[in-house]
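Quick note: residue numbers are just sequence positions, from 1.
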Amino acid sequence: MSTVTYKVSGMSCGHCEGSVSSELSALPGVTAVTADAAAGLVTVTSDSPLEESAVRAAVDEAGYTLVGAA
């Protein structure tokens with residue numbers, strides 16, 4: 001198991017959290033996603049470490065910007 005918290009800019013509400021969570025949950029191996037718009041953080045748990053490029057692409061698809069691992 002791998003759990004990583006990422007800093008994401010642009011999230012401001014529950015809808016934002018849902019959009020980011022939905023895109024990240026679709027990545028292969030992801031078992032849980034917790035987004036916190038107020039803190040600008042997203043915690044992703046997966047079967048194995050994820051490529052940051054895949055995480056970045058999913059966050060971009062949701063309309064937000066991955067700053068990097070927190």
Side-chain angles (χ1 to χ4, degrees):
M1 281 299 224
S2 172
T3 300
V4 180
T5 299
Y6 298 96
K7 181 78 174 159
V8 175
S9 67
M11 293 190 305
S12 61
C13 64
H15 180 265
C16 300
E17 294 171 347
S19 295
V20 172
S21 294
S22 177
E23 291 294 335
L24 289 170
S25 292
L27 293 176
V30 171
T31 57
V33 178
T34 304
D36 181 349
L41 299 174
V42 178
T43 301
V44 181
T45 303
S46 56
D47 295 332
S48 59
L50 299 171
E51 292 289 329
E52 187 169 309
S53 60
V55 175
R56 184 174 305 280
V59 171
D60 286 349
E61 183 66 28
Y64 305 95
T65 303
L66 177 70
V67 176

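Residues Ser48 and Ser2 come closest through the heavy atom pair C-CB, 3.8 Å. Nearest approach of Glu23 to Ala62, heavy atoms of both residues: CG-CB, 3.7 Å. Considering every non-hydrogen atom in both Leu41 and Lys7, the closest pair reads CD2-CD, 3.9 Å. Here the closest heavy-atom approach between residue Val33 and residue Ser25 is recorded as CG2-OG, 3.5 Å. Minimum heavy-atom separation, Gly10 to Cys16: O-SG, 4.3 Å.
Taking the side chain as every heavy atom from C-beta outward, Leu24 and Val59 approach each other to under 4.5 Å.
Shown here are the side-chain hydrogen bond (donor to acceptor under 3.5 Å, both in side chains) partners of Glu52, two or more places apart in sequence or in another chain: Arg56. Residues passing the side-chain contact (heavy atoms from CB on, under 4.5 Å) test with Ser22: none are found, sequence neighbours excluded.
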- Query: Given the rule in the side-chain contact (heavy atoms from CB on, under 4.5 Å) test, do Leu50 and Val4 qualify, once you have shown the distances and angles that lead to the verdict?
  - Reply: CA-CA 9 Å; Leu50 299 171; Val4 180; over 6 Å; no
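In the hydrophobic clustering of this structure, Tyr64 groups with Leu27; members are Ile, Leu, Val, Met, Phe, Trp, Tyr whose side-chain heavy atoms approach within less than 4.5 Å, directly or through other members.
Applying the side chain to side chain contact (heavy atoms under 4.5 Å, CB included) test between Tyr6 and each of Thr43, Val67, Val44 identifies Val44 as the sole match. Only one option out of Leu66, Thr65, Asp36, Val55 pairs with Val8 in a side chain to side chain contact (heavy atoms under 4.5 Å, CB included); it is Leu66.
Thr31 places a side-chain N or O within 3.5 Å of a backbone atom of Thr45 that can act as its donor or acceptor partner.
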